[in-house]
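The structure appears below as structure tokens.
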Amino acid sequence: MTAGMLFTAPGIKSLTIKNNHLTGYISNIAGCEDKKLKMYIDLSFSTNIESLKYHEHNHMIDLGTHYKGEEETLYLSFDKLASDGVLDVQLATSFISQEQATLNLERELPHTFEEHKNLAADKWLNYLNRIEVSDKSKDKISLFYQMMYRCFLFPQTWYELDKDNQPIHYDTLSKTIKSGYYYTNNGFWDTCRSLFPLYSLIATEEYEKMLAGFYNAYKNSGYLPKWLSPDERGLMPGTLIDAVIADAAVKHIATDKMPDFLEAMLKSATTVSGKDNYGRSGTLDYLTYGYVPNHYHESVNHTQDYAYSDFCISQVAELLDDKDLAKKYAKQSLNYRNLIDFDYGILRSKDKDGQPRTPFNPYAWGRDYAEGSAYQNSFAAYHDFGGLIQSLGGKDRFKEIITDLCNTYPIFDVDGYGFEIHEMSEMAAIDFGQIAISNQPSFHLPFLFNYIAELPTTQHIVKELLSKAFKLGFDGYPGDEDNGSMSAWFVLNSLGFYPVTPGSGEYVIGIPIVDKAVIHLSNGNDLTIQTNNNVPQYHYSKNILRNNQPYNHLFFTHNDLMTGGNIEFDLCLVPPVKHYTETDLPFSLT
């Protein structure tokens, strides 16, 4: 029996046949410092390749044993197959060299298909079993693990293991092979909010390797990465890898790397890269005016994100006992206040002369705001909500502002984009007011009520979002999933807490939706979360117990959670009457 296989690969390629192997490279990169980046392949078949052909003018043209060109689809034919008619195929790739691709294949060749399948299953179960949930609803369990699966797809490894099993990677800037870890396909603007805080609980070993890889990206380019794919794309505002670093620092992850990281964070905060995709946009203007002027695109988001990054720098400096530096950047982290519009209760852009943009439309998307309007993008002072509340006139005024945000219909003006982008459509489709949980800037908005001691409102919104905005299946997300960030949002909130301020070491309390969860923490301890009276109509917690003792704070600390033990939520129908002190409220710098 003979057989054939179509081989489809757009782009430049160079391929060679030798017995039962097809080797060579494909070059089809969409944006990279190395415009000729190659992916080397080694395809191994269970029988010899007879010929390599392509189709032209209704004829099959034989290419012999070597082909170089851009024909998209080629045809491989084979000698006689095994008696069962099965053709076994194994593929290995490398972004380093042909020899590395062959080495990668040789490492896998001893395994049969069934062995490969079982090894893959074991690897996935190793990750998925780090949180074990049980619930009366099987669909809810399936949905939880659908989200868990996505959490471990990103970031992706860009390093490979050499013949001595040491990590090496291809540096696209110098176009050389370098030692060490490297990770790609990760946007820190998205993942800093939820994915890495989840890793800090259940995957610290992987987190440390990722940090080593991100530092190698810094060494290669001279600037900490913002969005790697495979190298720096420079997408989205801010330099929010700072939050990933600070969160690791305060949680005692990779503490030995923090002196180097602090130096790298400071470079991004103070120097102009000369390339739009590296470092902070408008760095010197931010340092001059205390905000990013609005001739820069998405200036409001840049200002808030830089202020938050300044807080993250202060946290790392504090850990390293550099008190003066910590104080300087803590003060600078309050720069977001320079854009507060007290009449509207939002952040509004200004030009270099300090004049706000006019006319002003709070529903206008784009221009000064990233993938949203002032409603979604005025409350990113993650580190200083207490200060924001006071700046806006106190808790009663703040409650009016965020209640209005929730109760305003999901209307929008295309303004800065000139057409309806998918984030607008998604916000309108789920209809949770102006809480566009379909996109990352809204991830924390339901938790703003906790900062004014209004836990029941937070809990009501979060439970409705978890129950109505996500569903089992391929279309299970309300918007862009973005590198595991939305999945991690769902996972953490299903457990009853969410890290509003990475770098603070706290998780703000919400409401769990699973009957029981056992979190196998990275330090070997187990944390059990029990949800009593977990029925759809109960949106509030009557009592919260921590290790069987009443718990009255509106947050958990990372250090406390890592000790393991148990948390018990007793849910109820009507919001209970609770009284909180200032010390019960979540972290705020001022």
Side-chain angles (χ1 to χ4, degrees), residues 137 139-140 143-144 146-147 150 190 193-194 301 344-346 361-366 369-380 398-450 454-482 485-494 498 500 508 510-513 535-540 573 575:
S137 167
D139 282 350
K140 196 187 294 183
L143 179 57
F144 182 89
Q146 173 180 304
M147 302 296 172
R150 288 283 308 187
D190 301 294
R193 308 166 195 265
S194 55
N301 288 79
Y344 282 97
I346 49 81
N361 178 359
Y363 306 109
W365 280 49
Y369 306 99
E371 297 179 354
S373 70
Y375 274 107
Q376 292 80 42
N377 291 293
S378 291
F379 304 95
F398 189 72
K399 183 177 180 179
E400 289 177 4
I401 292 168
I402 58 177
T403 299
D404 176 66
L405 183 154
C406 296
N407 289 339
T408 297
Y409 294 123
I411 58 178
F412 53 83
D413 190 313
V414 299
D415 190 51
Y417 294 100
F419 56 91
E420 183 172 330
I421 64 173
H422 68 85
E423 287 88 354
M424 299 172 188
S425 309
E426 290 154 358
M427 180 185 74
I430 63 170
D431 198 0
F432 274 80
Q434 291 288 327
I435 299 178
I437 205 65
S438 49
N439 206 19
Q440 284 68 25
S442 289
F443 275 7
H444 69 291
L445 293 182
F447 294 91
L448 294 179
F449 290 93
N450 276 28
E454 297 275 357
L455 174 62
T457 308
T458 288
Q459 291 183 322
H460 189 99
I461 297 170
V462 169
K463 185 160 184 174
E464 285 293 299
L465 286 168
L466 290 169
S467 303
K468 306 288 175 57
F470 298 83
K471 57 185 176 180
L472 188 61
F474 72 93
D475 58 346
Y477 296 93
D480 275 353
E481 203 284 320
D482 283 332
S485 60
M486 192 171 290
S487 293
W489 187 94
F490 183 92
V491 167
L492 288 162
N493 278 289
S494 295
Y498 178 73
V500 170
V508 181
I511 185 169
I513 62 164
V535 293
Q537 64 270 29
Y538 284 10
H539 283 66
Y540 317 104
L573 182 62

Heavy-atom closest contact ([X] atom, [Y] atom, distance):
X: Met486; Y: Pro478; result: SD-CD, 3.6 Å
X: Ala364; Y: Tyr369; result: O-CD1, 4.2 Å
X: Val491; Y: Met147; result: CG2-CB, 3.8 Å
X: Trp365; Y: Asp415; result: O-CB, 3.7 Å
X: Ala370; Y: Asn377; result: O-ND2, 3.3 Å
X: Phe379; Y: Ile401; result: CZ-CG2, 3.7 Å

Problem set entry | Any donor-acceptor pair under 3.5 Å from Asp480 side chain to Asp482 backbone | no
For [X], which residues count as a side chain to side chain donor-acceptor pair (under 3.5 Å) partner, sequence neighbours excluded?
X: Asn439; answer: Glu371
X: Glu481; answer: Arg150, Ser487
X: His460; answer: Tyr540

To the nearest 0.5 Å, tell me how far [X] [atom1] sits from [Y] [atom2].
X: Glu423; Y: Glu426; atom1: CD; atom2: CD; value: 6.0 Å
X: Phe449; Y: Phe398; atom1: CZ; atom2: CZ; value: 8.5 Å
X: Glu420; Y: Ser425; atom1: CD; atom2: OG; value: 3.5 Å
X: Leu492; Y: Ser194; atom1: CG; atom2: OG; value: 7.0 Å
X: His539; Y: Ile461; atom1: NE2; atom2: CD1; value: 10.5 Å
X: Tyr477; Y: Gln146; atom1: OH; atom2: CD; value: 5.0 Å

Problem set entry | Contacts of Asn493 that satisfy side chain to side chain contact (heavy atoms under 4.5 Å, CB included) - sequence neighbours left out | Phe447, Val462, Leu466, Trp489, Tyr498
For this session: Kindly indicate whether the side chain of Phe144, heavy atoms from C-beta on, has any atom under 4.5 Å from the side chain of Ile513.
Result: no
For this session: Evaluate the side-chain proximity of Leu143 to Phe490: yes if any heavy-atom separation is below 4.5 Å, no if none is.
Result: yes
Pairs under 3.5 angstrom only: tabulate donor-acceptor contacts from the side chains of residues 431-438 to other protein residues two or more places apart or in another chain.
unit_1, atom_1, unit_2, atom_2, d
Gln434, OE1, Gln376, NE2, 2.8
Gln434, NE2, Tyr409, O, 2.8
Gln434, NE2, Ile411, O, 3.1

Exercise. Going by the salt bridge (charged side-chain N to carboxylate O under 4.0 Å, His left out) test, which pairs reach into residues 458-479, not counting sequence neighbours?
Worked result: Glu464-Lys468, Lys471-Asp475
